[in-house]
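What you see is a predicted model, and the numbers here were worked out from it, not measured in a lab. Starting from 1, each residue takes its place in the sequence as its number.
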Amino acid sequence: MKPGLYPLLGPPASGKTTLAREWALEVLKRRGRVYWVGLPHQRAYVYRLFGGEGAVLGLEFMSFQALYYRGLAEVGRLGPLLPGAGRVALVGEALRGLYGEGIAPGEARLFARAIAELKRYGLSPFALPKDGEAGRLRRVYFAYERLKGKALDYDDFRHRAGRVPLRLFPRPDLVVVDGFREVGPLDLRFLKRLAREVPVLLTLELLPEGLEPWQTLSPRPVRKEVWALANPVEEARHLLRALKRALASRDLGGEGLDPFEVMVVAPEDRIPGLLLFQDEYGLPLYDGREGALADTEEGERVLALLNPMPTGRDLLALGFSALGRKALRLGLAGEEALALLAEREGLLQEWQAFLALRTPGPDLLAWAEEVLERLGVAAKELFLSRLRLALRADGGNPLAWWRSLLLDETLPKELPRGVALLPPLRAMGVRARRVYVLDWVAGRYTLGEGEDYFLLEELRERGLLQGLPRRLRGLDPLFLEELATRGEEVFLLYPEAGPSGAYEPLEKGIRPEPLPPSGRLEALPEESFTPPLPTSHAPPAHLEVLRRHGECPFRTYLERFPLRPEDGALGWHLFPERVDELSQHPEVGPWLALHQEHLKGMVFWARWPGERFALRLDGVRREAGGRVVHLYRLLPPGEDPDLSPRRRWTEWYALGAFLQRKEVEEVHLWTWAFLGEPRPFRKNPYRKGDKPPQLEEVRALVKEALPRWGEGGFSPRPGRHCYACGLADICRKEEV
């Protein structure tokens with residue numbers, strides 16, 4: 001096999017990896033050495049691909065970076081490595097030096113990504129225009145290179161490897177570059193240099209401009225089925241049953257597939273839910289997402305300490321369990337709220353210990369090392385190195401930067417231990433005998449192509465920037481084709497509808513045959529236990545409870561208990577106990593003084609008992625020895641009046657009752673929003689003999705509601721009122 005570059009072009013599932021494997025096996029059989037260059041997540045797949053038929057010697061998998069490191073190491077040109085977090089920190093330092101304080105980690109990350117793309121395509125700051133946002137990028141790029149000094153980021157290794165003498169030891173007999181959709185110009189230049197000495201087989205789906213294919217392959221047939229399920233829950237359940245049948249032995253009616261022969265591709269947000277079911281279904285599922293330091297136990301404790309808005313969960317993670325449980329139950333967050341909770345519950349000592357733990361000392365590094373020791377963090381140097389970078393980025397506010405850099409820290413992946421659940425990008429370049437793809441609907445799988453913030457599409461066609469690829473190339477169809485061909489057998493599943501409505505599938509499917517129960521819960525009898533609905537024959541607490549019973553009896557029953565205390569309208573609920581305190585408020589005090597005539601003698605939250613129900617009046621004021629009565633409907637700030645008979649009964653029923661009394665001559669009806677003006681419902685008061693239509697309607701509604709209440713049933717009744725219900729869907733149950 002002669003030295004040279006052999007570009008192998010082909011669409012997904014065309015056999016590029018198979019042909020590359022055959023070339024590699026020929027070399028390995030002659031006791032040659034093969035470098036297989038691919039993406040880091042493909043390592044286990046490649047070794048399993050070659051080891052399936054026996055042991056092989058001489059095969060070495062590496063990434064492009066590892067290949068560059070080896071070439072530089074042989075000629076003694078390695079330098080200190082600047083990791084990805086270091087690049088973000090130096091960009092933050094550059095931004096702070098150019099534009100002052102107040103640089104956020106997200107802004108630095110935006111510039112760092114743009115600089116990385118420019119360096120990956122061999123462009124210096126001089127290629128950028130001097131005006132606009134591209135000019136800002138140019139200045140930050142210059143400052144970043146100056147601050148970096150002799151350190152080398154990942155792209156510097158790529159640049160340097162293309163300029164030094166090429167010496168690889170041990171010398172390969174074949175280099176295979178596989179699993180990439182396309183390669184950049186610097187990578188291609190390095191491969192051309194390498195191809196002068198050894199044969200290089202390059203497999204691609206898109207060829208760079210000016211490169212002719214050595215061979216073009218046609219797509220191979222893939223057995224594909226599309227399954228339509230009713231909703232995401234049924235989709236997940238059907239997938240798990242299908243996995244159980246695929247892995248079960250043939251003696252038990254299964255297909256006897258090896259777990260490493262099966263793969264599941266799903267959107268990243270669906271993977272945690274599937275992992276929750278592995279014990280119920282007895283499946284060996286493997287989380288194929290990229291590991292993050294924040295997901296480890298040690299990382300969670302450190303991030304809980306650095307959270308600018310601490311929560312109950314953070315307190316629990318750090319060992320402050322008493323205060324943490326109470327804060328978690330109440331859903332509180334932030335130092336101010338937690339401090340008030342600690343004072344009210346008598347847990348100030350625990351709160352002060354928490355504050356002492358998270359308050360930095362004068363020597364930040366010494367404080368951090370002590371805190372990491374107290375938190376039981378074994379790998380302290382990883383955390384401390386990120387703090388040193390944070391201090392470079394922003395010495396005045398390093399803790400926010402420290403937390404941001406730790407959130408982005410990834411961990412080496414463990415070896416697969418079963419059926420891999422892979423997000424779409426980590427499924428590229430690997431294949432399996434059988435693949436299941438979830439959520440096969442429009443918009444779920446996309447490369448997210450969009451114009452760059454700094455360099456728009458038209459700028460990428462001018463001058464030195466012509467080497468940059470366009471951001472809007474329409475590669476989504478090719479991406480979907482790759483996903484749909486990840487196995488010899490591919491099953492594409494999609495839900496027909498979800499919480500937001502009907503979904504549009506990428507391909508129309510059929511309803512699959514139902515599979516037998518595969519989980520322990522599914523094997524239980526089909527007649528599930530249904531708890532009896534609550535019943536009660538006690539009278540309603542007040543008239544508005546009777547009105548809400550017509551909307552949802554179950555909600556009315558739950559409101560009989562202190563789950564949601566009714567303290568009246570927001571603001572008014574402080575009356576009358578805290579009127580003196582409110583009078584000192586700079587906004588409420590003048591308002592109280594302005595309306596003291598109305599407030600003088602008003603009785604708040606009066607309870608008027610009756611034979612069948614009580615009335616709970618917001619506000620009542622009497623004049624002229626009781627001959628004139630004022631009824632007030634009190635509302636939260638800015639609220640519109642709600643005295644329509646369908647929304648409020650109490651004031652109308654009380655109006656009719658007052659007009660029947662001998663001593664009452666007239667009744668005034670008011671609506672009054674807190675910090676607003678009292679508004680009369682009508683200009684003239686109601687007098688004896690008046691029959692307002694609202695009163696007649698309310699009496700008719702009460703007459704209809706009382707027999708329903710007397711039945712004593714409190715079943716849920718869904719409707720539009722559910723959107724305003726604060727009982728957290730406690731009535732929701734799974735339909736059998």
Side-chain angles (χ1 to χ4, degrees), residues 84-85 88-89 92 104-106 108-109 268-269 271-273 275-276 287 289-391 393-394 396-412:
V88 175
R109 202 170 285 113
E268 194 155 348
D269 58 344
I271 292 177
L275 292 170
L276 288 175
D287 187 357
R289 296 173 296 172
E290 190 172 46
L293 180 63
D295 297 331
T296 65
E297 186 177 348
E298 294 180 345
E300 285 184 356
R301 289 200 294 269
V302 176
L303 291 175
L305 181 74
L306 299 175
N307 191 353
M309 289 288 290
T311 65
R313 183 178 179 183
D314 297 329
L315 289 166
L316 287 174
L318 296 172
F320 302 101
S321 56
L323 184 58
R325 283 195 297 269
K326 292 182 181 295
L328 193 62
R329 185 171 64 249
L330 296 174
L332 297 179
E335 289 192 358
E336 184 178 355
L338 294 177
L340 291 174
L341 176 66
E343 182 179 359
R344 191 185 73 179
E345 299 293 337
L347 297 171
L348 278 176
Q349 185 176 357
E350 188 170 329
W351 172 247
Q352 290 168 357
F354 170 71
L355 287 180
L357 183 65
R358 67 188 262 121
T359 303
D363 187 344
L364 193 61
L365 284 172
W367 166 80
E369 189 167 3
E370 181 184 354
V371 164
L372 293 175
E373 187 72 32
R374 291 180 60 183
L375 295 180
V377 177
K380 291 189 296 184
E381 187 53 38
L382 175 61
F383 292 88
L384 292 175
S385 64
R386 296 304 177 258
L387 178 57
R388 295 187 189 98
L389 292 174
L391 285 168
D394 191 347
N397 186 27
L399 295 186
W401 278 83
W402 192 20
R403 185 172 186 271
S404 177
L405 295 179
L406 290 177
L407 283 171
D408 289 342
E409 190 70 29
T410 59
L411 299 174

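Considering all non-hydrogen atoms of both residues, Arg358 and Asn307 come closest at NH2-O, 3.0 Å. Residues Leu306 and Arg403 share a closest heavy-atom pair of O-CD, 3.5 Å. Between Pro398 and Leu391, the closest heavy-atom pair is CB-CD2, 3.7 Å. Nearest heavy-atom pair, Leu347 versus Ala322, reported as atom, atom and distance to 0.1 Å: CD1-C, 4.1 Å. Listed here is the closest heavy atom pair of Phe354 and Pro310: CZ-CB, 3.9 Å. Ala327 and Leu315 get closest at one heavy-atom pair: CB-CD1, 4.5 Å.
Side chain of Glu350 to backbone of Leu323: a donor-acceptor contact under 3.5 angstrom is found. In terms of modelled atom types and a separation under 3.5 Å, the side chain of Arg386 and the main chain of Leu405 share no donor-acceptor contact. Listed for the Ser404 side chain is no donor-acceptor partner under 3.5 Å among the backbone atoms of Ala400. Side-chain N or O atoms of Trp351 include none that pairs as donor or acceptor with a backbone N or O of Glu335 at under 3.5 Å. Within the 3.5 Å criterion, the main-chain N or O of Thr311 finds a donor-acceptor partner in the side chain of Asp314.
In this structure the side chain of Arg388 reaches within 4.5 angstrom of the side chain of Leu384, judged on heavy atoms.
Note that CG of Leu276 and CD1 of Ile271 are 12.5 Å apart. Values are rounded to the nearest 0.5 Å. One finds the CD atom of Glu297 at 11.0 Å from the CG atom of Leu375 (value rounded to the nearest 0.5 Å). Asp408 contributes atom CG, which lies 10.5 Å from atom CG of Leu293 (distance to the nearest 0.5 angstrom). The distance from the CG atom of Asp295 to the CG atom of Leu411 is 8.0 Å, given to the nearest 0.5 Å. Interatomic distance, CG of Leu406 versus CH2 of Trp401, reported as 13.0 Å (0.5 Å rounding). Atoms CH2 and CG, on Trp402 and Asn397 in that order, are 13.5 Å from each other to the nearest 0.5 Å.
Between Lys380 and Glu298 no salt bridge is recorded (no basic side-chain N to carboxylate O distance below 4.0 Å).
Around atom CZ of Arg313, no more than 12 heavy atoms belonging to other residues, nucleotides or ligands sit under 6.0 Å away.
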